[in-house]
Number of protein chains: 2
Amino acid sequence: MKPSPSHADVPLQLWVVLARAFDAVERHSRASIARFGLGTTEFGVLEVLYHKGELPVCEVQRRILVESSSTTYVVDKLVKRGLVRRRHSGTDRRVVLLTLTSAGRRLIQRIFPPHAHAMRRAVTALPPREQAQAVRLLRTLGLGAAERLEGNEGG
Amino acid sequence: MKPSPSHADVPLQLWVVLARAFDAVERHSRASIARFGLGTTEFGVLEVLYHKGELPVCEVQRRILVESSSTTYVVDKLVKRGLVRRRHSGTDRRVVLLTLTSAGRRLIQRIFPPHAHAMRRAVTALPPREQAQAVRLLRTLGLGAAERLEGNEGG
DNA sequence: GTCAAGTATCTCGATTTCGAGACATTTGTG
DNA sequence: CACAAATGTCTCGAAATCGAGATACTTGAC
């Protein structure tokens with residue numbers, strides 16, 4: 001889950017601190033979401049549908065960063081709880097579109113603001129200026145790593 | 001798994017890009033480690049014992065970022081594969097100390113260098129200067145978030 | 001010494017996640 | 001049109017992870 005602590009190997013240090021920072025911030029997220037009786041991926045689905053409107057399953061999958069079989073599993077649970085509805089796309093019959101039910105919308109409307117508040121608090125160790133700097137660096141890092149991944153999975 | 005894309009809410013953006021960057025880099029790690037028939041947490045245990053020597057289970061747990069019950073599970077597997085040995089501490093009989101067997105040592109010696117190489121490549125989207133900057137920012141972010149977590153889990 | 005509280009490890013059951021691949025559909029090529 | 005390749009979704013079984021709590025030991029207060 002996390003690599004080596006060399007004394008001057010900055011790339012490996014970067015990987016270590018990235019993993020640790022993600023872990024710590026994600027614990028805030030988990031704890032915040034757990035208050036509302038949801039898991040992080042369930043929350044992720046509701047949240048993306050709330051902010052983006054109706055989306056195909058594959059699009060939701062990309063945004064919540066889990067594999068397709070897990071996405072099916074999570075969506076199943078949300079459908080059973082009456083928070084999300086599936087419908088077939090008219091233009092591409094492979095595609096299943098997801099939307100919030102009104103109950104789902106009411107739920108996410110209620111819980112998103114306190115969750116966002118918790119996440120803002122989770123990252124306050126960094127002052128605004130450095131947050132913006134970190135956003136830039138992490139965006140570059142993430143996009144670069146993702147690009148290097150396609151068709152080149154072996155490293 | 002990942003939050004909201006607001007237009008000027010830098011803290012939430014930071015959480016989004018942190019999650020994405022971690023995910024992308026971790027995929028490199030997973031893929032690299034999978035070449036050698038190991039999972040990421042198994043690799044983590046071998047790696048920390050390789051670099052730190054004999055350690056108590058609880059110390060290993062802190063470093064591989066999983067819960068204690070998962071640590072037991074992973075160590076069990078490594079012991080069954082003859083890569084790691086358990087022994088009781090002489091000074092504190094609650095403690096179980098872990099060491100690499102010679103087979104474990106040979107394995108991690110062989111696979112660590114190519115894995116480190118893969119991880120260095122995974123983060124090359126950032127030039128050295130910005131890597132060092134990112135290390136500083138992420139360290140502050142992670143330590144701050146971890147601190148805010150203790151005894152304050154609700155957000 | 002004794003007892004409560006804290007710490008380290010492990011057990012167990014349940015949940016989450018993955019990976020491989022099945023299936024239907026669409027897209028691109030001739 | 002026909003057919004190969006790509007894409008989107010889902011099924012299934014296996015693996016990883018967690019959470020609660022059991023157990024054993026240590027520490028600190030008295």
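Throughout, protein chains are lettered first and strands after them, A, B, ... in sequence-line order, and every chain is numbered starting at 1. Remember, predicted model here, so these are calculated numbers, not experimental data.
Spacing between atom CZ of R81(B) and atom C1' of dA15(D) amounts to 13 Å, rounded to whole angstrom units. For R87(A) and dT9(D), the CZ to P distance is 13 Å, given to the nearest whole Å. When the C1' atom of dT17(C) is taken as reference, atom CG of L65(A) falls 14 Å away, rounded to whole Å. Between the C1' atom of dT16(C) and the CZ atom of F43(A) lies a distance of 18 Å, rounded to the nearest Å. The distance from atom CZ of R30(B) to atom C1' of dA16(D) is 10 Å, rounded to the nearest whole Å. The separation between L98(B) atom CG and dT9(C) atom P is 8 Å, rounded to whole Å. Atom pair Q61(B):CD and dT7(C):P shows a separation of 13 Å (rounding to whole Å applied). Between the CG atom of L78(B) and the P atom of dA16(D) there is a distance of 11 Å, rounded to whole Å.
Just one of V95(A), T71(A), V45(A) meets the side chain to side chain contact (heavy atoms under 4.5 Å, CB included) condition when paired with V57(A); it is T71(A).
Checked against dA20(C), dA15(D), dG8(D), the side chain of S69(A) finds its nearest nucleotide in dA20(C). When distances are taken from the side chain of V96(B) to each of dC10(D), dT9(C), dT15(C), the shortest belongs to dT9(C). The listed nucleotides are dC18(C), dT9(C), dT9(D); the one nearest the side chain of E67(A) is dC18(C).
Between R30(B) and D23(B) there is no salt bridge, since no side-chain nitrogen of the basic residue lies less than 4.0 Å from a carboxylate oxygen of the acidic one. The pair E54(B)-R105(B) fails the salt-bridge criterion, with no side-chain N (NZ, NE, NH1 or NH2) lying under 4.0 Å from an Asp/Glu carboxylate O.
The backbone N or O of V123(A) sits less than 3.5 Å from a side-chain atom of Q131(A), completing a donor-acceptor pair. For the pair E130(B) (side chain) and P127(B) (backbone), a donor-acceptor distance under 3.5 Å is absent. In this structure a side-chain-to-backbone donor-acceptor pair under 3.5 Å is present from R35(B) to S32(B). At distances below 3.5 Å, at least one donor-acceptor pair connects side-chain atoms of E42(B) with backbone N or O atoms of G39(B). Looking only at distances, a side-chain donor or acceptor of H51(B) sits under 3.5 Å from a matching main-chain atom of E47(B).
Distances shorter than 4.0 Å separate some side-chain N or O of R62(A) from OP1 or OP2 on dG8(D). Taking 4.0 angstrom as the limit, R86(A) places a side-chain polar atom (N or O) nearer than this to OP1 or OP2 of dC10(D). OP1 or OP2 of dA16(D) sits under 4.0 Å from a side-chain N or O of K77(B). Note on T41(A): a side-chain N or O is less than 4.0 Å away from OP1 or OP2 of dT17(C). At dC18(C), none of the side-chain N or O atoms of R27(B) fall inside 4.0 Å of OP1 or OP2 (strictly under the cut-off). Between S70(B) and dT17(D) there is no side-chain N or O to OP1 or OP2 distance below 4.0 Å.
For the helix from dG1(C)-dC30(D) to dG30(C)-dC1(D), the axis fitted to the five pairs at one end and the axis fitted to the five pairs at the other end meet at an angle of 40° (nearest 10 degrees).
Position along DNA chain C of the nearest nucleotide to T71(B) versus S68(A) favours T71(B) as the more 5'-ward residue.
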Summary of protein contacts for nucleotides 22-27 of chain D, nucleotide by nucleotide, where a base hit scores B, a sugar-phosphate-only hit scores S (4.0 Å, heavy atoms): ---BS-

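Under the 30°/60° scheme for interplanar angles, the aromatic rings of F112(B) and F43(B) are found to lie parallel.
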Side chain to side chain contact (heavy atoms under 4.5 Å, CB included) between K52(A) and V60(A), worked out: CA-CA 10 Å; K52(A) 302 286 179 184; V60(A) 171; over 6 Å; no

